[in-house]
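These notes are about the structure you will find just below.
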Amino acid sequence: MLLIDAYNVLHAQWALPPNGRGMDVPALVGLVGKSRYADRRLRLVCDGRPGPQWPQSSLLETHSGLVWARVGRAEVVFSGPDLEADDVIEDVLGRAKGLNVLLVSSDRRLVRAAGQAGADQVGNGTFLRQLWADLNAKPGGDRPAFVSEVPLDRYSVAHWMREFGYDPEAPQTPA
């Protein structure tokens, strides 16, 4: 699970170039969906209650005061009036011991809680730079075009082995 301290991350948009700033929670979810983290379960935790931009029909309020919403495949949790997002995140970390959790926050309290729970952690700036790099990565990376022309047939392999001083007929032993 990718567990994001949403407002903490959104306040770190200084780590992005100017044309990447100005995100809100749904935009952050969209950016995560185009990144190396796209296949992970995603939960964002926000302080307070959802604002008027959140359609009331899409919200589910629990008896504990938490408000849940779904944005695409992401779960968005609002801490409600009586808790902070940090409290909710600490609770999730405490319940998730032994699971594969990556916390995204630079909050010292949460970094400490992640360590105690055995969860991995990445800071806000690093995370946003990773998302931006993934968004702007060239398809196929920086590999030369010939890489996609592999596999070579056995005759070409034998040719290149001879070219580099290997006998293609000799048994190969690992070094």
Side-chain angles (χ1 to χ4, degrees), residues 1-139 141:
M1 174 194 319
L2 186 62
L3 181 60
I4 299 177
D5 185 0
Y7 292 156
N8 191 267
V9 170
L10 291 174
H11 283 92
Q13 293 185 51
W14 50 262
L16 297 173
N19 63 335
R21 298 176 190 165
M23 276 189 292
D24 58 4
V25 171
L28 179 58
V29 169
L31 198 55
V32 171
K34 297 174 186 169
S35 74
R36 66 190 78 183
Y37 302 107
D39 61 340
R40 294 190 76 157
R41 180 175 170 201
L42 179 58
R43 182 176 296 166
L44 294 91
V45 182
C46 305
D47 285 305
R49 298 190 53 81
Q53 73 275 20
W54 292 88
Q56 294 301 308
S57 61
S58 69
L59 302 175
L60 173 67
E61 188 162 355
T62 66
H63 67 280
S64 63
L66 297 178
V67 179
W68 291 76
R70 180 146 311 269
V71 175
R73 62 178 193 77
E75 302 166 3
V76 180
V77 182
F78 292 89
S79 64
D82 300 326
L83 295 173
E84 295 179 357
D86 293 5
D87 300 324
V88 176
I89 291 169
E90 280 184 324
D91 184 59
V92 172
L93 288 170
R95 294 173 194 239
K97 286 189 178 184
L99 298 177
N100 184 15
V101 176
L102 174 61
L103 171 70
V104 181
S105 181
S106 294
D107 184 292
R108 289 183 194 146
R109 170 183 165 189
L110 295 179
V111 170
R112 190 170 34 255
Q116 292 170 346
D120 293 323
Q121 181 272 335
V122 64
N124 302 329
T126 300
F127 179 71
L128 287 173
R129 285 189 291 273
Q130 288 174 346
L131 297 181
W132 191 253
D134 291 352
L135 181 66
N136 293 293
K138 297 178 198 169

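FYI, side chains are in, hydrogens and waters are out, and symmetry mates aren't considered; it's all heavy atoms of this structure. Numbers here simply count residues along the sequence, with the first being 1.
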If you look only at distance, which donor and acceptor atoms sit under 3.5 Å apart when one is on a side chain in residues 68-80 and the other is two or more places apart or in another chain?
{"unit_1": "Arg70", "atom_1": "NH1", "unit_2": "Arg73", "atom_2": "O", "d": "3.0"}
{"unit_1": "Arg73", "atom_1": "NE", "unit_2": "Ala38", "atom_2": "O", "d": "3.3"}
{"unit_1": "Arg73", "atom_1": "NH1", "unit_2": "Arg40", "atom_2": "O", "d": "2.6"}
{"unit_1": "Arg73", "atom_1": "NH2", "unit_2": "Ala38", "atom_2": "O", "d": "2.9"}
{"unit_1": "Arg73", "atom_1": "NH2", "unit_2": "Arg40", "atom_2": "O", "d": "3.3"}
{"unit_1": "Glu75", "atom_1": "OE1", "unit_2": "Arg43", "atom_2": "NE", "d": "2.6"}
{"unit_1": "Glu75", "atom_1": "OE1", "unit_2": "Arg43", "atom_2": "NH2", "d": "2.8"}
{"unit_1": "Glu75", "atom_1": "OE2", "unit_2": "Arg41", "atom_2": "NH2", "d": "3.3"}
{"unit_1": "Ser79", "atom_1": "OG", "unit_2": "Gly48", "atom_2": "N", "d": "3.0"}
{"unit_1": "Ser79", "atom_1": "OG", "unit_2": "Leu83", "atom_2": "O", "d": "2.9"}

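Under the 4.5 Å side-chain criterion, counting only non-hydrogen atoms from C-beta, Gln116 is not in contact with Leu93. In this structure, the side chains of Leu59 and Pro50 come closer than 4.5 Å at one or more pairs of heavy atoms. Using a 4.5 Å cut-off on side-chain heavy atoms (C-beta onward), Asn124 and His11 make no contact. Annotation: side chain of Val29 is not in contact with side chain of Pro26 (no heavy-atom distance under 4.5 Å). Inter-residue side-chain proximity for Leu44 and Leu42 is flagged as met; some heavy-atom pair is nearer than 4.5 Å. Ile4 places none of its side-chain heavy atoms less than 4.5 Å from the side chain of Tyr37. Side-chain contact check for Val9 versus Ser105: every heavy-atom pair is 4.5 Å or farther apart. Between Leu103 and Met1 there is no side-chain heavy-atom pair separated by less than 4.5 Å.
Residue Ala12 comes nearest to Gly125 through the heavy atom pair CB-N, 4.4 Å, listed as atom of the first residue, atom of the second, then distance.
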### Query
Going through the distances and angles, do Trp54 and Val67 end up as a side-chain contact (heavy atoms from CB on, under 4.5 Å)?
CA-CA 11 Å; Trp54 292 88; Val67 179; over 6 Å; no
### Task
Apply salt bridge (Lys or Arg N to Asp or Glu O under 4.0 Å) to the pair Glu90 and Arg112, showing each step before the final yes or no.
CA-CA 10 Å; Glu90 280 184 324; Arg112 190 170 34 255; over 6 Å; no
### Message
With side-chain contact (heavy atoms from CB on, under 4.5 Å) as the criterion, how do Val104 and Leu3 come out once you've worked through the C-alpha distance, each side chain's angles and the decisive distance to 0.1 Å?
### Response
CA-CA 6 Å; Val104 181; Leu3 181 60; over 6 Å; no
#### Entry: Pair Arg36-Leu131, side-chain contact (heavy atoms from CB on, under 4.5 Å): steps then yes or no
CA-CA 8 Å; Arg36 66 190 78 183; Leu131 297 181; over 6 Å; no
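Between Arg109 and Asp87 a salt bridge is recorded (basic side-chain N to carboxylate O distance below 4.0 Å).
Ala85 is linked by a side chain to side chain contact (heavy atoms under 4.5 Å, CB included) to Asp5, Val45, Asp47, counting only residues two or more places apart in sequence or in another chain. Asp120 pairs by the salt bridge (Lys or Arg N to Asp or Glu O under 4.0 Å) definition with nothing, not counting sequence neighbours. Considering only residues two or more places apart in sequence or on other chains, Arg95 meets the salt bridge (Lys or Arg N to Asp or Glu O under 4.0 Å) condition with Asp91. By the side chain to side chain donor-acceptor pair (under 3.5 Å) test, Arg49 is found to be paired with Glu61, residues two or more places apart in sequence or in another chain being considered.
With rounding to the nearest 0.5 Å, the separation of CG in Leu102 from CG in Asn100 is 8.0 Å. Residue Ile89 holds its CD1 atom at 8.0 Å from CG of Asp107, rounded to the nearest 0.5 Å. Rounded to the nearest 0.5 Å, atoms CZ (Phe127) and OG (Ser106) are 11.5 Å apart.
Contacts classified as side chain to side chain donor-acceptor pair (under 3.5 Å) and involving residues 13-24 (residues at least two apart or in different chains) are not found.
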